[in-house]
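To start, the structure itself, in structure tokens.
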Amino acid sequence: MKNEVIKAVREALKSLNLENIPDIEVEIPKDESHGDVATTIALNLARPLKKAPRKIAEDILINIKEAPGPFEKIEIAGPGFINFTYKKEYYIKRLEELLQKGHEFFRIDIGKGKRVQIEYVSANPTGPLHIGHGRGAAVGNALCNLLSSAGYDVEREFYVNDAGMQVKLLGLSVYTIYQQMSGNDIPFPENGYKGDYVKDISKEINDKAGNKYLSKPFEECEKVFTGFAYKKMLANISHDLREFGIGFDRWQSEKELFDKGTVKDAMERLKEKGFSYEKDGALWFRSTDFGDDKDRVVVKKDGEFTYFASDIAYHKEKLDRGFGTIIDIWGADHHGYIPRIRSVLRAFGLPEENFKVILVQIVSLLREGQPVQMSKRSGEFITLREVMDEVGADIAKFIFLTRRSDSHLDFDIETAKRESSDNPVFYVQYAFARISSIFKQAEERRIQGFRSSGVQDIDLTHLKEDDEISLIKKLLHYPMIFEGAVLSYEPHRITFYLQELARLFHSYYNKHRVLSEDNKLTSARLYLCKAVQIVLEEGLNILGVRAPERM
RNA sequence: GCGCCUGUAGCUCAGUCGGAUAGAGCAACUGCCUUCUAAGCAGUAGGCCGGGAGUUCGAAUCUCUCCAGGCGCGCCA
């Protein structure tokens with residue numbers, strides 16, 4: 001919708017001999033009386049040209065007027081806005097195009113097949129997913145869908161921290177419970193994992209192996225316990241994610257990076273390039289050369305790799321696999337890690353703007369307004385599983401996506417459940433279901449001209465009501481919203497748009513009857529509904545939320 | 001101590017790249033179902049955009065400073 005405006009303004013500027021213009025900014029005015037699309041170009045040119053913005057606007061306007069194109073009205077308003085209002089025929093034409101192409105209408109190729117790697121969730125396989133992981137999953141999934149719809153070649157990846165202290169601690173916790181179950185009163189490890197799931201795993205090992213490991217110290221059967229435990233948890237995580245509607249193309253094991261020598265190779269590359277040095281018996285990465293605030297140890301005095309070493313290898317491998325853009329979605333508590341990882345990618349040649357970290361803020365879980373204490377170590381936490389069982393995956397996902405990812409989120413389980421009828425997700429889904437219901441009615445009444453014939457046979461110019469035109473405009477705004485969401489990596493913009501669209505539809509539905517005695521009008525309105533449905537579905541698909549035929 | 005995020009209506013949050021009179025949902029209050037799903041609609045009310053200073057034609061948005069909340073600053077993972 002904005003393309004026509006940009007084109008018209010650019011040509012007008014050209015005939016004014018103004019060609020070195022950066023971007024022509026176009027926005028959707030808040031107030032409908034300010035036209036359909038507005039540009040602030042005259043305001044922005046005022047300073048460089050040293051001319052009054054209204055004067056610039058007038059000059060532009062004169063040059064556009066010579067070729068008015070699809071516009072009904074072009075006005076200068078306020079300090080120098082140029083407001084464009086399209087002709088009704090234009091809306092009808094675009095609506096028809098939308099209906100003919102369906103979802104294809106929205107396939108704007110922004111990414112041009114560029115390969116993007118998006119890593120999200122990446123929870124330690126030391127316990128079930130909690131609600132915070134759920135938020136990361138919802139955001140990551142929606143972002144992947146968003147970029148993928150925009151023509152990017154997206155790979156979804158989960159990084160499995162299956163090496164190191166944490167999984168070992170899980171193994172030790174399981175081992176300890178296993179011993180205690182048979183009466184060996186050995187002390188529980190400090191910071192060990194205490195949830196019921198640990199006991200379940202211990203029990204399972206006991207059922208399978210009986211007393212086999214009772215007389216053995218942990219060191220001798222570490223691989224069995226740790227390996228069994230984290231694989232169990234990984235299966236649990238993967239299962240919950242699948243049920244939450246989240247999928248991955250690849251699960252990258254950290255352990256594998258060690259086993260295959262990827263970490264060692266990466267350290268050698270650092271050395272070759274002169275990016276590392278030895279000091280105090282340890283090996284350091286010169287990350288300050290690439291914007292970090294201090295250098296980081298990669299190989300400890302005792303010869304062990306640090307956690308950062310495997311992260312270097314991991315991110316380097318992302319580059320080696322040929323991704324031009326790398327996006328990591330992390331919990332906000334990891335923000336201190338950004339300069340470190342950024343320095344790695346810069347060291348290996350990725351332009352800075354091609355690495356993006358999206359921080360997902362902590363979810364504060366409430367029940368009836370009261371905070372629910374969560375601590376993974378003590379085993380007191382609400383799992384994603386419980387939230388799914390209690391409030392449902394669609395509600396949870398939608399709520400996660402009604403906020404910017406970096407803003408705090410209070411998630412009240414009781415509210416999400418009890419007020420389910422007022423829940424925004426239902427509001428949007430309801431609009432979709434209502435339309436389906438209208439279609440069903442139409443078929444039952446055998447209304448002619450719908451589904452039996454194509455759009456080309458329908459006279460959409462019967463859509464004359466202001467509410468109808470507003471609805472069509474809203475539909476045509478979608479590509480602009482979509483583009484903004486893609487470029488800013490902000491899926492929540494889609495969520496807000498969908499609520500606005502649903503609101504317009506519900507309002508329209510209450511004011512005007514779709515099915516009436518007037519067959520031609522009915523057909524036109526049915527197709528308008530169809531268009532609304534297509535856009536609702538398009539948006540809900542990106543959010544990963546179902547679009548139900550009936551509710 | 002240093003760094004990052006947040007502060008907008010009673011509550012939860014939007015607010016496009018610095019633009020027009022600051023927006024929505026919930027809660028509150030008033031109405032609307034013989035007719036396509038009332039999980040809905042129409043309306044009323046609600047604001048010192050945390051405080052202060054600055055930048056300019058113009059600031060919720062940018063800069064500085066202060067206040068409040070959250071988080072991060074290991075040869076831990």
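Given the structure is predicted, the values throughout are model-derived calculations rather than measurements.
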Is [X] near enough to [N] that one of its side-chain N or O atoms lies under 4.0 angstrom from OP1 or OP2?
X	N	value
A:S516	B:C36	no
A:K294	B:C73	no
A:R404	B:U6	yes
A:R434	B:A38	yes
A:K2	B:U16	no
A:Y509	B:C33	no

Check every atom of [options] against the side chain of [X] and return the nucleotide holding the closest atom.
X	options	result
A:P29	B:C13, B:C41, B:A20	B:A20
A:S407	B:A42, B:C36, B:C13	B:C13
A:N510	B:A20, B:C41, B:G15	B:C41
A:D410	B:A77, B:U12, B:C41	B:U12

- When rounded to the nearest 0.5 angstrom, what distance separates CZ in A:R342 from CG in A:D328?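 Rounded to the nearest 0.5 Å, the CZ-CG separation comes to 10.5 Å.
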
- Can you find an N or O donor on one side and an acceptor on the other, under 3.5 Å apart, linking the side chain of A:H335 with the base of B:C5?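 Side chain to base: no pair present.
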
- Message: What I want to check is whether an N or O donor and acceptor connect the side chain of A:N83 with the base of B:A20 at under 3.5 Å.
- Response: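 Pair found.
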
Assign [X] to base, sugar-phosphate, or nothing according to its heavy-atom contacts below 4.0 angstrom with the strands shown.
X	value
A:R513	base
A:A502	nothing
A:A38	base
A:S488	nothing
A:Y430	base
A:K279	base
A:H512	base
A:G484	nothing
A:D412	nothing
A:M551	base
A:A52	nothing
A:D31	base

- Item | Option among A:D394, A:V428, A:T495 that satisfies the side-chain contact (heavy atoms from CB on, under 4.5 Å) test with A:V545 |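 Going through A:D394, A:V428, A:T495 one by one, the side-chain contact (heavy atoms from CB on, under 4.5 Å) with A:V545 is satisfied by A:D394 alone.
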
- Item | A:V344 and its side-chain contact (heavy atoms from CB on, under 4.5 Å) partner, picked from A:F290, A:F308, A:Y314 |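 That would be A:F308.
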
- Are A:R404 and A:E490 ion-paired here, with the side-chain N under 4.0 Å from a carboxylate O?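 No.
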
Using atom [atom1] of [X] as one end and atom [atom2] of [N] as the other, report the distance to the nearest whole Å.
X	N	atom1	atom2	answer
A:E500	B:A14	CD	P	14 Å
A:W284	B:G74	CH2	P	10 Å
A:I41	B:C17	CD1	P	16 Å
A:E483	B:C17	CD	P	11 Å
A:L498	B:A14	CG	P	16 Å
A:Q499	B:U12	CD	C1'	12 Å
A:H408	B:C71	NE2	C1'	8 Å
A:D406	B:U6	CG	P	5 Å

- Item | pair A:S488-A:R493: side-chain heavy atoms closer than 4.5 Å |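 They are in side-chain contact.
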
- Hey, does A:V486 have a side-chain heavy atom less than 4.5 Å from the side chain of A:L147?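 Side chain of A:L147 against side chain of A:V486, heavy atoms only: contact under 4.5 Å found.
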
Let's test this: given Watson-Crick or G-U wobble pairing with both distances under 3.5 Å, identify the partner of [N].
N	value
B:A59	none
B:C64	B:G52
B:U16	none
B:G10	B:C26
B:G31	B:C41
B:G3	B:C71

- Item | First encountered from the 5' end of RNA chain B, between A:S436 and A:S405 |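 It is A:S405, whose closest nucleotide lies nearer the 5' terminus.
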
- Query: Taking the nucleotide of RNA chain B with the closest heavy atom to each, which residue, A:A282 or A:R550, is nearer the 5' end?
  - Reply: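 Counting from the 5' end, the first nearest nucleotide belongs to A:R550.
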
- Message: Tell me whether A:R340 forms a cation-pi arrangement with A:Y337, defined as NZ or CZ under 6.0 Å from the six-membered ring centre and within 45 degrees of its axis.
- Response: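 Yes, A:R340 and A:Y337 form such a contact.
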
- Task: Taking all non-hydrogen atoms of both residues into account, name the closest pair between A:A42 and A:G80 and its distance.
- Result: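 Between these two residues, the closest heavy atoms are CB-O, 3.6 Å.
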
- Task: Answer yes or no as to whether B:A14 has its base stacked against A:H492, where stacking requires a ring-centre separation under 5.5 angstrom and planes under 30 degrees apart.
- Result: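 One would not call A:H492 stacked on the B:A14 base.
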
- Message: Parallel, tilted or perpendicular: which one describes the rings of A:F71 and A:Y86, with boundaries at 30° and 60°?
- Response: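 Aromatic pair A:F71/A:Y86 classed tilted.
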
